Amino acid sequence: MPKSPSLFDFHLLLLFTIFSLAAADAIAAARPITQQFKEAPQFYNSEICPKIVGEDDESDNGTSIFLCSDQSVHVAMTLDSAYIRGSMAAVLSILQHSSCPQNIVFHFVASATANASFLHATISSSFPYLNFQVYSFDDSSVSRLISTSIRSALDCPLNYARSYLADLLPSCVRRIVYLDSDLVLVDDIAKLAATQLGDNSVLAAPEHCNANFTSYFTLTFWSSPTLSLTFANRKPCYFNTGVMVIDLDRWRRGDYTKKIEEWMEIQKRTRIYELGSLPPFLLVFAGNIVAVDHRWNQHGLGGDNFKGLCRDLHPGPVSLLHWSGKGKPWVRLDANRPCPLDALWAPYDLLQTPFALDS
């Protein structure tokens with residue numbers, strides 16, 4: 001006759017079950033949650049688009065001539081698993097509103113610690129015909145210089161990759177449009193890319209001269225005669241670094257990456273700002289940029305950096321909607337707590353939901 005289980009046996013079984021469930025939870029938590037995205041439609045050039053001569057050829061160093069062509073519109077964006085849903089929506093919006101989508105080249109910068117093959121495959125599967133490259137950004141090159149800011153998300157090393165584009169991209173790429181991943185375009189990006197930079201300017205961006213510029217730096221900065229004299233012969237205005245047209249040749253010649261790093265080193269010794277990667281750009285460029293129409297960066301739609309409350313559009317026409325700030329449209333939509341303007345982002349969302357049915 002089989003022996004009845006004792007109380008000790010029950011306790012042993014209970015402990016085994018608890019540890020098994022805990023182990024399963026730990027494995028599930030460690031396993032990355034992959035998002036599945038739909039394939040986007042293919043977009044074609046209109047008849048007026050210039051043909052990229054030799055687009056299928058390669059230069060002596062193996063770089064595609066198409067990737068180096070001045071007739072291409074070069075777009076640089078960062079790419080990571082946390083924001084890839086936003087990046088996919090941004091790419092779709094750019095292609096959908098472009099007259100010459102086949103002439104756009106995307107330069108994606110990803111952290112060296114990221115799963116580059118996954119990111120590359122995700123882009124390729126949704127945009128099989130996209131002209132793009134993925135570049136590896138060594139976080140250690142900037143991590144030592146980063147100071148804590150008012151929001152932890154702003155301290156991600158990849159946020160600082162925009163300062164290293166001139167080094168990361170091939171030297172043959174002379175001009176780029178840099179875009180954040182939390183925006184969509186509703187106009188032709190070629191118009192923005194064609195911004196004239198004049199004889200000396202390194203970058204162009206929408207300026208906001210009505211913003212309180214002094215608030216972007218600490219009292220320590222403004223009370224120091226040496227530091228505050230930085231803006232002595234300039235008329236600095238705030239500009240958002242999420243949308244910029246950059247002359248990479250001029251950036252390289254002026255060694256502007258080093259200039260930005262020098263300010264970050266000062267910040268490590270004496271706290272002169274609170275907002276992550278933005279203030280070093282202001283310190284180097286504010287007052288010396290080409291102003292772009294505000295329509296090209298209707299920013300702040302993510303709310304402030306603390307609460308992410310809903311915001312309205314600024315007055316005037318709109319070519320680009322930017323959810324800068326804490327609140328991201330895909331997060332609010334998933335939580336069923338969207339802001340009214342999040343409905344303008346939703347049509348570009350390529351996320352494959354489990355309930356999607358093929359037509």
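Only this structure's heavy atoms are used, side chains among them; waters, hydrogens and symmetry mates stay out. The structure displayed is predicted, hence computed values, not measured ones.
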Report task. Give the intermediate values and the outcome of side chain to side chain contact (heavy atoms under 4.5 Å, CB included) for residues Met244 and Phe239. Result -> CA-CA 9 Å; Met244 297 183 289; Phe239 66 92; 4.2 Å; yes
Report task. Name the orientation class of the two ring planes belonging to His208 and His294 (parallel below 30°, tilted from 30 to 60°, perpendicular beyond 60°). Result -> parallel
Query - Where at least one partner belongs to residues 242-273, residue pairs that pass disulfide (SG to SG under 2.5 Å), sequence neighbours excluded - result: none
Query - Ser224 side chain to Thr226 side chain, donor-acceptor N/O pair below 3.5 angstrom - result: no
Report task. Describe, in one word, how the ring planes of Tyr83 and Trp330 are oriented to each other, choosing from parallel (under 30°), tilted (30 to 60°) and perpendicular (over 60°). Result -> perpendicular
Query - Tyr164 versus Glu261, side-chain donor and acceptor atoms under 3.5 Å - result: yes
Report summary line: When Leu79, Leu119, Asp139 are each screened for side chain to side chain contact (heavy atoms under 4.5 Å, CB included) with Ser111, the one that passes is Asp139
Report task. Applying side chain to side chain contact (heavy atoms under 4.5 Å, CB included), run through His322 and Leu301 and close with a yes or a no. Result -> CA-CA 6 Å; His322 186 187; Leu301 304 186; 5.7 Å; no
Report task. Give the intermediate values and the outcome of ring-ring contact (aromatic ring centres under 6.0 Å, His included) for residues Phe285 and Tyr256. Result -> CA-CA 9 Å; Phe285 294 110; Tyr256 284 96; 5.2 Å; yes
Requested in this report: Using only heavy-atom distances, determine whether the side chains of Asp180 and Tyr178 contain a donor-acceptor pair under 3.5 Å.
Outcome: yes
Requested in this report: Carefully, step by step, assess Phe231 and Phe213 under the rule ring-ring contact (aromatic ring centres under 6.0 Å, His included).
Outcome: CA-CA 11 Å; Phe231 300 111; Phe213 189 80; 5.1 Å; yes
Query raised in the report: For Leu197, what are the other residues in its hydrophobic cluster, where any two members join if their side-chain heavy atoms are less than 4.5 angstrom apart?
Result: Val290
Report summary line: side chain to side chain contact (heavy atoms under 4.5 Å, CB included) test vs Leu185 passes for just one of Val91, Val318, Leu179, Val243, namely Leu179
Report task. Would you give the length of the straight line joining atom NE2 of His74 to atom SG of Cys172, rounded to the nearest 0.5 angstrom? Result -> 7.0 Å
Requested in this report: Could you tell me the separation between the SG atom of Cys156 and the CG atom of Leu158, rounded to the nearest 0.5 Å?
Outcome: 5.0 Å
Query raised in the report: Is there a ring-ring contact (aromatic ring centres under 6.0 Å, His included) between His120 and Phe132 once you walk through the steps?
Result: CA-CA 9 Å; His120 195 286; Phe132 76 97; 4.7 Å; yes
**Report entry** Distance-only donor-acceptor check, side chains Ser136 and Asp138, under 3.5 Å
**Finding:** no
Query raised in the report: Side chains of Asp187 and Trp296: do they bring a donor and an acceptor to under 3.5 Å?
Result: no
